[in-house]
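Remember, it's 1-based here, ligands and their atoms both numbered in the order they're listed. Sequential numbering from 1 along the given sequence is applied to the chain's residues.
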Amino acid sequence: MRDVVHKKSVEFFEAQFQRQVQDREYALNPFETLALDYLTGSVLDLGSGLGNLSLEAGRRGHRVVAVDASPTAVARINTDARREGLSVQAIQADIGRWTIEPSYDTIVAIGLLMFFDREPALRLLRAIQERVSPGGRAIVNVLIEGSTYMDMFDPGNYCLFRRSELEERFAGWTILSSRYQTFPAPGRTRKEFSTVIAEKSRCVTRLP
Ligand SMILES: C[S@@+](CC[C@H](N)C(=O)[O-])C[C@H]1O[C@@H](n2cnc3c(N)ncnc32)[C@H](O)[C@@H]1O
């Protein structure tokens, strides 16, 4: 059965996606554009939104699974993937209750983790790190402290990462790219992002 997620954040994006599908507004955002250059092998796109990245990855020959709570986004991705004959499958689910299986060569989570409370967000980040195949990549983008645009958050159910936190949490990985970007937002607010693209070691060390 499909998860219906009654969260302000999910309802915020569902309304936005309905508008964008009507206007056929499907441009990649700057984080997705950056991510494209780093995709390798099979791709899991968590919190895929309208799937602009997932579909473009499919066009470039990647096998992609996209997951999002928005029914409008999932329908758009599956419709376009079928029409174009791409190996892209979108699943509607609450990622907070979804298990990442099996492993993927690339796991993307652009603009997702901040929509969870801190502990679940960190649990999800650890699950992503565990499920990247040896030699594979994680592409993670979050809002960080200093962001003042709050309209899309459930009060008391979100988290802003510390500025260097993502990089720190990828200790032991090879950081291929790390960026901080600030964008103006409505009402003279701003969004501050950290994006880390990290590669997992090929050697898996097993503890005794
Ligand atoms: C900021 S948008 C990012 C979308 C896309 N990655 C992009 O870069 O355009 C956040 C996305 O996370 C999804 N999302 C938020 N909480 C979710 C949850 N608990 N389960 C599944 N998807 C969720 C929203 O529906 C939305 O598509």
Atoms of ligand 1 close to Gly49 [distance to a heavy atom under 4.0 angstrom, numbered from 1]: 4 (C), 5 (C), 27 (O)
Using a strict cut-off of 4.0 Å, indicate which atoms of ligand 1 neighbour a heavy atom of Lys7. 19 (N)
Considering only heavy atoms of Phe116, which atoms of ligand 1 have at least one such atom less than 4.0 Å away? 19 (N)
Can you tell which of Leu166, Leu46, Ile107, Ile197 makes a side chain to side chain contact (heavy atoms under 4.5 Å, CB included) with Val140? Leu166
Looking only at side chains, do Ser147 and Glu192 share a donor and an acceptor under 3.5 Å apart? no
Could you work out, with side chain to side chain donor-acceptor pair (under 3.5 Å) as the rule, every residue matching Ser178, not counting sequence neighbours? Glu167
Please indicate whether any nitrogen or oxygen in Ser70 is less than 3.5 Å from any nitrogen or oxygen in ligand 1. no
Using a strict cut-off of less than 4.0 Å between a Lys/Arg side-chain nitrogen and an Asp/Glu carboxylate oxygen, indicate whether Glu145 and Lys191 qualify as a salt bridge. no
Any heavy atom of Phe17 sitting closer than 4.0 Å to ligand 1? yes
Sub-4.0 Å heavy-atom contact, Phe115 with ligand 1: yes
Examine Ile95 against ligand 1 and note whether any of their N/O atoms are separated by less than 3.5 Å. yes
Phe193 and side chain to side chain contact (heavy atoms under 4.5 Å, CB included): which single residue from Phe31, Tyr180, Phe161 fits? Phe31
Between the side chains of Lys7 and Glu11, is the shortest nitrogen-to-carboxylate-oxygen separation below 4.0 Å, so that they form an ion pair? no
Could you work out, for atom 4 (C) of ligand 1, the closest of Ala73, Pro71, Ala66, Gly47 by heavy-atom distance? Gly47
So for ligand 1, is Ala69 a polar contact partner (N or O within less than 3.5 Å, distance only)? yes
Would you say the side-chain atoms of Gln16 and Gln20 include a donor-acceptor pair closer than 3.5 Å? yes
Below 4.0 Å from ligand 1: does a non-hydrogen atom of Met152 turn up there or not? no
Run the contact test for Ser48 against ligand 1 with a 4.0 Å cut-off on heavy atoms, strictly below, and give the result. yes
Tell me whether ligand 1 is touched by Ala109 - counting only heavy atoms on the residue side and a distance under 4.0 Å. no
Without placing hydrogens or testing angles, list every side-chain donor-acceptor pair under 3.5 Å for residues 52-67, not counting sequence neighbours.
| from | atom 1 | to | atom 2 | distance (Å) |
| --- | --- | --- | --- | --- |
| Asn52 | OD1 | Arg76 | NH1 | 2.8 |
| Asn52 | ND2 | Ala27 | O | 3.3 |
| Ser54 | OG | Asp45 | OD2 | 2.7 |
| Glu56 | OE1 | Arg59 | NH1 | 3.0 |
| Glu56 | OE2 | Arg60 | NE | 3.1 |
| Arg59 | NE | Glu84 | OE1 | 2.7 |
| Arg59 | NH2 | Glu84 | OE2 | 2.9 |
| His62 | ND1 | Gly41 | O | 2.8 |

Would you find more than 12 non-hydrogen atoms of other residues, nucleotides or ligands less than 6.0 Å from Arg179 atom CZ? no
Heteroatom distance test (Asp68, ligand 1): nitrogen or oxygen, under 3.5 angstrom: yes
Contact (N/O only, under 3.5 Å) between Ile110 and ligand 1: yes
If you measure from atom 23 (C) of ligand 1 to every heavy atom of Asn157, Leu112, Leu46, which option wins on shortest distance? Leu112
Test of proximity, Asn29 against ligand 1: N or O pairs below 3.5 Å: yes
Contacting atoms of ligand 1, where contact means under 4.0 angstrom from a heavy atom of Asp94: 18 (C), 19 (N), 20 (N)
Side-chain ion pair, Glu168 and Arg162, N-O less than 4.0 Å: yes
Relative to the heavy atoms of Ala93, which atoms of ligand 1 are at a distance of less than 4.0 Å? 20 (N), 21 (C)
Ignoring hydrogens and angles, state whether a donor on the side chain of Asp105 or Ser42 is under 3.5 Å from an acceptor on the partner side chain. yes
